[in-house]
Each structure stands twice: as C-alpha cells, then as structure tokens.
J.: 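Structure incoming, see below.
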Amino acid sequence: MSDAAPDPDQRPGTPEPPAEGETLAPLSTDAELQGALEALLLVVDSPVGEDVLASALDQPMERVLETLQRLRADYTDEGRGMDLRRVGEGWRFYTRDVYAPFVERLLLDGQRAKLTRAALETLAVVAYRQPVTRSRVAAVRGVNVDGVMRTLLARGLVEEAGIDAETQGVLYRTTELFLERLGLSSLDDLPPIAPLLPDIDSIDDVPL
Amino acid sequence: MSDAAPDPDQRPGTPEPPAEGETLAPLSTDAELQGALEALLLVVDSPVGEDVLASALDQPMERVLETLQRLRADYTDEGRGMDLRRVGEGWRFYTRDVYAPFVERLLLDGQRAKLTRAALETLAVVAYRQPVTRSRVAAVRGVNVDGVMRTLLARGLVEEAGIDAETQGVLYRTTELFLERLGLSSLDDLPPIAPLLPDIDSIDDVPL
Amino acid sequence: MTVVQDPVAPDGVAGSGRFTVRLDNFEGPFDLLLQLISQHQMDVTDVALHRVTDEFITHLRLLGDSFDLDETTEFLVVAATLLDLKAARLLPSAEVENEEDLALLEARDLLFARLLQYRAYKQVAALFAELEAGALRRYPRSVAVEDRFADLLPEVMLGVDAARFAEIAAAVFRPKPPPSISLEHLHSSRVSVHEHAALLRAWLARQGEASFRVLVADCAHTGEIVARFLALLDLYREGVVLFDQTDPLGELFVRWTGGAGSGHPAPGDPSADEDYG
C-alpha cells in the first residue's frame, strides 16, 4: 500500500522503506502529520528544511509545507508559547516574543549581546552587494572596516567568497548564521534598497 | 522553594524580578498562562518543577500546576507531537511515543551531524579553559549554554571532570573523541589563541 | 558663519538660529555630514552642505590632533570637496560658467551620491538592528536529544580544522569593551598641525605651486599627511593658498597666493583666480 501515491516533489530515488519491524503511523490525517512535525521540530537544534522533514515523514513536500504554514498560523492565532519560524535554511521552534521576559527570568543569562552600529552597517553593505571586497565596503562607509570585518568573519556572520578578478581583493558574503541572527529566512526577505539609493547613474561600477 | 532548580550550576534562589521597564504580560487568562508555560518548557533541558515555573511566572503554584495538567491532557487528546510529562522532580517536553519512528529516521538522516555555531563556540571555551564549569562557559559566551552543553555531552565531545571546589559546579573537559575529530593527538597541539586576540574589534554592543 | 564652539554642549538650539551641535559618536565623514545635516533638520541638499561645511571643518580640526589618523583620509577628501564648493560659490545655487565649475559640479554630485548611498545603508543597518532586536526576543529551542534517541545520532563532525577552531575560540574570548567610537586604539604619535603649517608656508612661498602628492612625499606616516592637509586647510582659510583639482579624487594642486614675505597672512579673496607659475 503506502507507496501508492506517486509524488512529483520527492527527490529522485525512491524513499527508503520503513525499517524492519518499525510501525510507522500512516499520517493520513492532518492532525497526525501535524503531531509528527511537532515531534521532529522538538528534537532539532538548528533550522531544518521542509525537504528533510518531508523525507523523514515520507510525505510530499508540498503537504508538509502546507501543514507547517498552517501550524505556524495556528500557534500565532492561539498565542501559543512556541513560535514556528522559517529562518535561514529551515524551520525551527522559538519562544514567542511576548513571553521573552519570563524566559529571561528562567534562563541563567537572559539578554544577549547586540551587534554594534559599525557591525550592522558593514553587514548592510555586504548583504546588499555580495560578493563584495573589503575595500568596497570601506569606500561606502567612508571608514576602514578591516577590524569589523575580521570580527564578523570570526563570528561566522560573513564568510569569504573567492577573489575579485579585477582588484585581487578577497570577496565576502553573508552566511546562514547572519540570516538566523536577524530572523530572516532568506536574503529575498530584505527590502529592496533601490528606493533608498540616489537616482544617479552609477556611484561606482558595481551594480547593486 | 527553588530547591528544585534544574541543575547544580544554575544560580540558587528565586528568579530575578523583571528588568526595569519590562512589561510583563498579565497572564490573567488561561490561554496566556498556557502560552507562557509552553515558552518556558521549550527552552528547559531537564525537568523543571512547578514551583520554579510558578516563580518565573509570578503566579500561584496551584494555578500553574492546574494549567500544566490541563496542557498535558490537551496535548494527549489532540495527538500533539509534544508530550508533557512530569518526570522525577519536574516537567519537560518529550516527543510523543507514536512519532518516535519518524524522529529516529530524522536523526539517522545524518543531516544534523555538523555541530552548530553555538556548539562550536561552547566547545571552544571548554577546550581552552578546561576544566571549567557550565556557568563559567555561559559567562564567557554571554548566553545560557545548558542545552548546548548537553548536546556536547551526548555527542561525547565533552565529559564531566569533577566538582569545582569553590562554586560546587560540575567541571567539564574535552574528550579523546574531540581531539580525534580535530585531528590532534593531544591538547598541547591546540593552536595558541593569544596571538589571535589583541587585534580584534568588538562587534557587540553589550559588555559581557 | 555659524561656527560650533562646543560640539558636545548640553543644549540644543541657542537663540537666533545659531546651532550648538550635539553629536553622537560618528564613524567616517558621511556619518558626520549626515549627523550635522540632521542637526539642522534639513534634507540632504546642497544648501544643507553649504550650511554644515564650516561645522564639518571645525569637527575635523577638533579631532585633528587626537583622532585615529589612519582613518581620516576620507574625511580629508570630503573636506576638500566641501571647501572647494563653498569657495567657488557653487552653493547654494549653481551658475555654471566654465569648465572648472563643471568639474566642481561633478565633484558635488559625487559627494551627494556617496552621501545618499551611505544614508541608504545606514537605514538598512537600522532595520537590521530592529530585526536583530526582534530575533533576540525569541529563544530558539536548543535541547539535547532525549536519551532514548541518543544512540541514533550520526557521527559528529566539527566542520572546522584546528586553526579555524582556534579562531572561533579567539572570537569568543576576545574582550568585549563597552560601546564607544574606536578612539582607544590610537597608535599614531601626535603631530602638530601648526608646525606643518609653518613648514608648508615657507616651502610654498618659495616654490609657488606643488601637488599635494609632492607636499607629503617626505611624510613618515599617515598622521603627518593628515596634519599637513589640515595645515593646508588653515592656509586656505587664511587665504594664502588655492586648491586646484581637475578630476574628482584626482591629483590636488596647491598654489601659493600669499605673496613672498610670508608670515603675514594676506586676507585675500579665496575664490580669486590669480595666476602663479
């Protein structure tokens, strides 16, 4: 039975059959799929993609995605303590922000450090112009960014992305961790910067 | 109260009062209290007593206990993926039994084999400061490390190494497996970090 | 001119349209310009640039002897453009008469463009700060797997080598000082703008004209170059030198207009177009 429903979303190669003797719940109802997803999300400690979840559940990715989205909406509507978010490469449970004061009271260390303005501005330039060299970022900010860039690199918020053919400078781009840090699921979530920029032909030769 | 603090490293005593200017949700409705409890349960790693929860939420213990029991029943009735159980001296989220096969498939998937950034940073502190207590690691990293430390323990990368005479906290050190994974034959082979330290600018706004 | 006497004076607007400027820490010339412009509650226009030119120079001078001199080159480029624009009276409204004016207009446009560009990224940075603040209020679930699943975990990989691991450790251990503008890692020795002015005065009075490149050729470090530029600004203010720069960011030529017997500054018209050879 079970494998009767062919699924266009599934990656090539048939999913493995359940392990010997293992009894998998059929997940035919939405409530079951929902429960199974909750169980998976409870054990992951980094964002996990809907493709990985779909493969673990042996379900079409589309159905999994729909269920995740419905689950997220339900949690929000009901003011649940868990906030299901798509961040970086995938889905993860977070505590809902309104309950942050209670979480901070319970946890050992509460508040976490925020990024400085220099770090945020440098990240802003890298995010919109990646891959980009350090000297290009310095030119936009009007200050040297060597120290900040080194720290962002060490913190895993930016990473190297090859060498600029023209200037031989190292190119940088933002990382998954950067997206997670800002709670974004992809760079596409960033607002377009064009409306903010001057309508002058080209300030320099790098397209935005 | 408070003797049920989930772990010996945790600071003793009652949770601190809310920070100045922080607006705590009133938790007057059952749904709000339920949400706040879910948020707390989402981040605790070992079972936590209803007295600790009540104190963090500033609510009567009886009301908290009632809500926990109702939550447990609701989860069960609705076939939720999380199973709220009272184990030992406290409450904790577990994955519901019926979904265990899916959890196993996800874990076997191998997608999660790489350590997260948080885990790497925690491991780094242990490696360079061992033997070290959890609260000391948390102080260096500026965030709670309970969950991450448990992951590292479960992964066999760190192990317990006695009790700190001063704070009575459990001490941790890295394992043979850690050295093996890093391709080192002894801790003496760890690259010195002193030369890396002086030049780095701070990108954090909050002194830790 | 509405010279700022005390850039950190406690009060805001002090009578008769005279501004007392109170600035946050700023980083770089664009940041300073934007802050000055917003102090006047103006938009980024050439009028605004006109209004803040003197304040900008004043800040630059105040910082001159104590600033992280490694990072002032950009300040100087901006200062030079502002002064050129002001001297040529292209501000606030431009009447283009000759090629020199045209070049200045280009320089102005470039300055505007860079300023607006910086402002755009600054706005993005503010958005990032908001996003981060929101994200920091949501605590991710990060809990060790239940004991019954522990054996199922695949072999763990660190994903980094020993050198990278050490870098991560260094990043974590690095001291985290309270937020401040990076004035603390000053390492340049102090240089006297006054001494450099005297030097340049003597040299230019004798030679008549030189490129900035030549004027700083003997400087041992950036600090001296900066001091020399600030000295030139002083001389310019005195009206004894003129600047000539054909291309934006191109070679900057300095001409002596103060006559032979230096020492007595001749308060000439800075925009006078005299010919010295």
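Note on naming: letters A, B, ... go to the chains in the order of the sequence lines (proteins, then strands), and numbering restarts at 1 for each one.
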J.: What closest approach, in Å, do A:Ala39 and B:Tyr99 show between heavy atoms, and which atom pair accounts for it?
T.: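 Heavy atoms only, the tightest pair is CB-CB, 3.6 Å.
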
J.: For chain A, find which of B:Leu37, B:Asp83, B:Thr95 contributes the most heavy-atom pairs closer than 4.5 angstrom.
T.: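 Heavy-atom pairs under 4.5 Å are most numerous for B:Thr95.
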
J.: Evaluate the side-chain proximity of A:Glu180 to B:Arg117: yes if any heavy-atom separation is below 4.5 Å, no if none is.
T.: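 Not in contact.
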
J.: If you tally heavy-atom pairs under 4.5 Å against chain A, which of B:Ala119, B:Ala31, B:Gly81, B:Ala100 wins?
T.: B:Gly81

J.: Relative to chain A, which segment of B:Tyr75 carries a heavy atom at a distance below 4.5 Å: side chain, backbone, both, or neither?
T.: side chain

J.: Check the surroundings of atom CD in A:Gln168: do more than 12 heavy atoms from other residues, nucleotides or ligands lie under 6.0 Å from it?
T.: yes

J.: Could you look at A:Leu71 and say if it's the side chain, the backbone, both or neither that has a heavy atom under 4.5 Å from chain B?
T.: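 Side chain of A:Leu71 only, per the 4.5 Å heavy-atom cut-off to chain B.
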
J.: Enter the distance from A:Phe93:CZ to B:Met82:CE here, rounded to the nearest 0.5 Å.
T.: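 With rounding to 0.5 Å, CZ (A:Phe93) is 5.5 Å from CE (B:Met82).
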
J.: Starting at CG of A:Leu41, measure out to CG of B:Leu106 and round the result to the nearest 0.5 Å.
T.: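 A:Leu41 CG to B:Leu106 CG: 9.0 Å, rounded to 0.5 Å.
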
J.: Evaluate whether atom CD of A:Glu89 has more than 12 neighbouring non-hydrogen atoms of other residues, nucleotides or ligands under 6.0 angstrom away.
T.: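 At most 12 heavy atoms, drawn from other residues, nucleotides or ligands, come within 6.0 Å of this atom.
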
J.: So for A:Ala36, is it side chain, backbone, both, or neither that comes closer than 4.5 Å to the heavy atoms of chain B?
T.: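 Both the backbone and the side chain of A:Ala36 come within 4.5 Å of chain B.
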
J.: For the CZ atom of B:Arg105 and the CG atom of A:Leu40, what is their distance to the nearest 0.5 Å?
T.: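 That separation rounds to 10.0 Å.
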
J.: Measure the spacing between CZ of A:Phe102 and CG of B:Leu33 and express it to the nearest 0.5 Å.
T.: 9.0 Å

J.: Please look at B:Leu42 and chain A and tell me whether the side chain, the backbone, both or neither of the residue comes under 4.5 angstrom of a heavy atom of that chain.
T.: side chain

J.: Counting C-beta onward and ignoring hydrogens, is there a side-chain heavy-atom pair between B:Glu78 and A:Gln34 closer than 4.5 Å?
T.: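 Not touching, per the 4.5 Å side-chain cut-off.
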
